[in-house]
Amino acid sequence: MATVLEHPPWRRAIQSGVSLVVITIVASNVLRIASTLILTRVLSPVDFGVAGLTGAILNILLMISDVGFGVYIVRHAQGDDPRLLDVIWTLRLLRGAVLTLAMAACAEPLAMLLGKPALTIAIAVTGINFVLDACSSLAPFSAVREERLFMLSMLDIASAVTQTVTGIVLAIALHSYWAIIFAGLVGATIKAVLSYVLFPGSLRRFAFDRHEVGELWHFGRTIAGANTIQVLLSNVDKIALSRIFPLSLFGLYSLAANLSGVASGFTTLYPSRILLPAFARAYREDPGSMAHAYYDSRRTLTLLYMIAMGGFISMAPAVVNLLYDPRYQAAATYLQLLALAPAMTMNIYAAREVLIVVGRVQALLYGNLVRLTWLIVVGTSAFLAFGPMGLVGAVGCIEVPVQVYCWHELRRAGLFRAGQEALIIGALAFGAVLGLIGDKLYFMLIAG
């Protein structure tokens with residue numbers, strides 16, 4: 001059995017990839033913050049409301065139709081087989097084309113349903129992102145499987161820079177939400193092109209194999225079901241509040257959701273690009289080492305992240321006051337409520353990846369059923385008792401019961417360590433206390 005001193009391959013893979021993920025996230029978040037700093041001074045809260053709403057619709061359709069192409073390639077024993085990749089690329093391209101046409105056809109009914117008929121064209125144009133994304137290569141998924149993350153990080157950074165610069169230039173020229181929509185299309189186009197340029201030999205051809213399609217569906221149907229529930233849950237607040245709030249107030253909410261997404265980038269990339277392939281390797285080489293691999297490999301980074309997120313939640317008023325003009329100050333309350341979810345998902349997504357590796361894929365679906373139950377019971381009750389802010393609070397806390405469920409599944413898989421989990425939650429609370437102190441000091445300084 002591999003020991004700590006022997007530095008097993010899964011540990012070396014994690015150590016070599018973490019710096020690249022951190023660089024990617026830092027660069028992306030610097031761009032995100034710089035973009036919002038400029039765009040909030042050029043565009044209005046209404047423009048952010050439109051962009052947030054069209055983006056939510058795009059995300060809902062994308063995840064509902066996701067059967068886990070990337071996870072399938074990473075996990076499959078023959079994930080590097082050209083024939084298999086051709087079949088997956090073909091299916092992915094067909095899905096993208098169908099979704100683009102479906103969003104165009106449904107744009108007017110959706111706009112009418114949301115009570116925003118003027119957004120019909122904006123919704124239809126946003127749907128072009130589907131086919132642009134589908135035209136990209138599968139090389140990024142293969143890079144994750146093979147733990148070759150440098151060029152993948154370059155791809156993310158280059159497309160983010162392009163989208164940010166384009167959005168700023170168009171915003172100055174157009175002073176309209178179209179700047180954000182067109183920037184998204186440009187960013188998707190550049191990312192698709194670079195996915196071939198940066199990964200030579202990644203061109204694919206049309207192919208179909210009934211057996212492979214059946215295997216993919218058998219694997220992906222649970223993921224598709226889980227994603228369907230998760231995406232509806234993660235966007236129900238946007239859909240509901242877009243009906244309740246005027247676009248100006250919804251724009252503040254969208255800005256807060258965007259800021260909370262600063263943390264979400266790391267909770268997505270780190271587990272999927274670093275932990276998933278490393279856990280898979282550890283399981284193939286020594287299944288008995290999984291508990292050790294699960295906790296030891298990510299302990300320091302997870303604790304630092306939780307402390308930082310606790311501080312971020314407490315200091316949300318200071319952050320918004322520092323970054324934006326008075327028109328956007330009300331976004332601080334939304335940010336404090338919404339930031340709790342990405343704080344919890346760091347630990348939850350790590351559990352998700354290890355449970356997938358040990359064969360408990362159904363945990364994804366059941367975890368989302370927990371979210372659904374929470375939203376129906378607690379979300380509805382909170383909305384009736386406290387109005388829209390009650391719903392926002394329930395959405396912000398939606399990962400709390402999922403964390404409890406993940407602990408249950410880890411225990412069943414023989415991976416749960418109570419002391420390690422208590423240390424992680426304690427780090428979040430410690431960060432929150434530090435953040436409260438920092439927030440008070442900030443406002444004392446600007447007042448004095």
Side-chain angles (χ1 to χ4, degrees), residues 26-59 62 96 100 103-104 107-108 110-111 114 116-133 135-136 154-195 197 238 242 245-262 265 319-320 322-331:
V26 169
S28 298
N29 286 337
V30 167
L31 289 170
R32 182 197 296 262
I33 293 172
S35 175
T36 57
L37 279 173
I38 297 173
L39 292 181
T40 52
R41 285 158 174 78
V42 179
L43 303 178
S44 70
V46 172
D47 295 320
F48 281 95
V50 173
L53 183 56
T54 56
I57 296 171
L58 183 78
N59 190 46
L62 182 65
T100 294
M103 195 157 173
E108 185 173 2
L110 281 173
L114 295 171
K116 308 289 190 297
L119 300 186
T120 297
I121 297 178
I123 293 173
V125 172
T126 301
I128 299 174
N129 279 281
F130 289 124
V131 73
L132 293 176
D133 177 67
C135 287
S136 63
M154 294 303 99
L155 173 65
D156 289 339
I157 293 173
S159 60
V161 168
T162 302
Q163 183 169 337
T164 299
V165 173
T166 302
I168 292 172
V169 171
L170 290 177
I172 294 173
L174 301 177
H175 291 276
S176 166
Y177 57 80
W178 284 108
I180 301 176
I181 293 175
F182 288 149
L185 296 177
V186 172
T189 301
I190 295 299
K191 191 167 188 177
V193 172
L194 290 179
S195 71
V197 173
K238 299 181 181 67
S242 69
F245 286 166
L247 280 175
S248 58
L249 193 55
F250 183 71
L252 297 178
Y253 180 82
S254 296
L255 179 64
N258 186 49
L259 273 178
S260 69
V262 168
V319 170
V320 173
L322 178 65
L323 295 179
Y324 306 118
D325 64 55
R327 294 178 300 164
Y328 295 90
Q329 296 309 300

Please report the shortest heavy-atom distance between [X] and [Y], naming the atom on each side.
X	Y	value
Tyr177	Asp47	N-OD1, 3.3 Å
Val42	Ala171	CG1-O, 3.2 Å
Ala179	Gly167	CB-O, 3.9 Å
Ser35	Thr164	CB-CG2, 3.8 Å

Original post:
Side chain of Ser136, backbone of Asp133: donor and acceptor closer than 3.5 Å?
Top reply: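 Side chain of Ser136 to backbone of Asp133, a donor-acceptor pair under 3.5 Å: yes, one is there.
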
Subject >> Thr120 (side chain) donor-acceptor with Pro117 (main chain) under 3.5 angstrom >> reply: yes

Once rounded to the nearest 0.5 Å, what's the spacing between atom [atom1] of [X] and atom [atom2] of [Y]?
X	Y	atom1	atom2	result
Ile168	Gln163	CD1	CD	11.0 Å
Leu43	Ile172	CG	CD1	9.5 Å
Lys191	Thr189	NZ	OG1	12.5 Å

In a check of side-chain contact (heavy atoms from CB on, under 4.5 Å) between [X] and each of [options], which one passes?
X	options	value
Leu132	Leu185, Val193, Ile190	Leu185
Met103	Ile57, Asn129, Thr54	Ile57
Trp178	Val50, Val125, Leu170	Val125

